[in-house]
Amino acid sequence: KAGYDYSKIAKNITDNGIEIAGLQEVDNNANRSNKKAQIKEIANKTGYQYYKFFKAIDIPGGGYGLGIVSKYPIESTNLIKLSSGSAEQRILAHAVINVNGTKINFFVTHLSYDGEGGGSSRSKQFSEVASELAKYDNFVLSGDFNTRNLDEYNVIKGSALVNSKDDPKVTYPYGRSPLDNLVYSTATWKFGAINVVTNSYSDHYMIHSVGTFTKAK
């Protein structure tokens with residue numbers, strides 16, 4: 001919906017003071033998006049030096065998947081494949097980001113929707129995400145989780161939601177709220193209120209929040 005004007009998305013990131021962004025449904029050098037590396041384009045328009053594309057599947061001319069754009073150095077990355085059956089391959093992307101000397105584990109994902117193998121596929125994916133996050137006492141997970149049932153997050157132990165039952169925010173305006181969230185380790189993070197950007201040039205709204213790292217490990 002930005003008409004391939006990546007400066008519009010970048011402006012949403014910088015105008016809202018977002019220093020680390022997780023993005024879903026990203027193309028990389030694909031025919032359908034004018035052979036552009038979309039994460040690189042967005043990063044360049046924000047002025048942030050650090051970015052990474054994570055490929056979930058091949059599409060004509062390039063790849064499709066997830067991305068991270070960061071104001072701070074990305075020291076390492078890895079990609080974890082999630083159970084997806086015969087449907088679109090779903091992944092969990094991980095970056096270790098050095099924020100002024102403190103290394104944080106930042107994740108992004110995009111889980112299955114109800115019509116794609118039913119809730120059982122997403123249930124397996126949640127369990128696999130939980131198993132990966134259990135390796136870290138310091139994590140922030142961003143993503144489109146494709147569920148209105150916030151109880152599905154309960155498998156992620158020692159965590160809390162920014163888009164929570166206390167004050168759930170619409171992130172998918174076509175009646176399926178709240179699909180998008182930030183999940184964080186309560187032992188090491190505190191987050192403020194969630195903010196929603198409705199002019200997000202997407203079928204989903206951008207969400208963001210300010211996190212404070214409380215315990216360095």
Taking all atoms of both residues into account, what is the closest heavy-atom pair of [X] and [Y], and its distance?
X: Asp203; Y: Tyr174; value: O-CE1, 3.9 Å
X: Glu152; Y: Thr147; value: OE2-OG1, 2.8 Å
X: Lys55; Y: Ile57; value: CG-O, 3.4 Å
X: Asn78; Y: Glu132; value: ND2-OE2, 4.4 Å

Can you find a pair of side-chain heavy atoms, one from [X] and one from [Y], that are under 4.5 Å apart?
X: Asp180; Y: Tyr205; result: no
X: Leu141; Y: Leu92; result: yes
X: Gln24; Y: Val108; result: yes
X: Ile97; Y: Tyr50; result: no
X: Thr188; Y: Tyr136; result: no
X: His94; Y: Asn105; result: yes
X: Tyr113; Y: Leu179; result: no
X: Tyr72; Y: Ile104; result: no

Spell out, as yes or no, whether a donor-acceptor pair under 3.5 Å connects the side chain of [X] to the backbone of [Y].
X: Thr186; Y: Gly158; result: yes
X: Lys103; Y: Asn98; result: no
X: Thr102; Y: Asn100; result: no
X: Thr109; Y: Leu111; result: no
X: Thr171; Y: His204; result: no
X: Ser209; Y: Ala193; result: yes
X: Ser177; Y: Pro173; result: no
X: Asn181; Y: Asn163; result: yes

I need the [X] [atom1] to [Y] [atom2] distance, nearest 0.5 Å.
X: Gln89; Y: Leu82; atom1: CD; atom2: CG; value: 7.0 Å
X: Phe106; Y: Ser142; atom1: CZ; atom2: OG; value: 3.5 Å
X: Ile80; Y: Phe54; atom1: CD1; atom2: CZ; value: 9.0 Å
X: Leu150; Y: Phe145; atom1: CG; atom2: CZ; value: 10.5 Å
X: Leu161; Y: Tyr184; atom1: CG; atom2: OH; value: 8.0 Å

Cluster question for you: counting only ILVMFWY and a side-chain heavy-atom cut-off of under 4.5 Å, with indirect links fine, are [X] and [Y] together?
X: Ile20; Y: Val162; result: yes
X: Val69; Y: Tyr6; result: yes
X: Met206; Y: Val196; result: no

Charged N to carboxylate O below 4.0 Å: is that the case for Lys165 and Asp151?
yes

Could you pull out all residues at least two apart from Lys1 that satisfy salt bridge (Lys or Arg N to Asp or Glu O under 4.0 Å)?
none

Give me the ring orientation class for Phe139 and Phe107: parallel if the planes are under 30° apart, tilted from 30 to 60°, perpendicular past 60°.
perpendicular

Give me the ring orientation class for Trp189 and Phe191: parallel if the planes are under 30° apart, tilted from 30 to 60°, perpendicular past 60°.
tilted

Per-pair distances, 0.1 Å, donor-acceptor, side chain in residues 41-48, under 3.5 Å, sequence neighbours excluded:
| residue | atom | partner | partner atom | Å |
| --- | --- | --- | --- | --- |
| Asn44 | ND2 | Lys40 | O | 3.4 |
| Thr46 | OG1 | Ala43 | O | 2.7 |
| Thr46 | OG1 | Tyr48 | N | 3.0 |
| Tyr48 | OH | Ile18 | O | 2.9 |

Residues at least two apart in sequence or cross-chain that pass ring pair (Phe, Tyr, Trp, His ring centres under 6.0 Å) with Tyr51, listed by chain then number, are none

Identified side chain to side chain donor-acceptor pair (under 3.5 Å) counterpart of Ser83 within the set Arg122, Gln125, Arg90, Glu128:
Glu128

Heavy-atom count check: over 12 atoms from other residues, nucleotides or ligands less than 6.0 Å from Lys81 NZ?
no

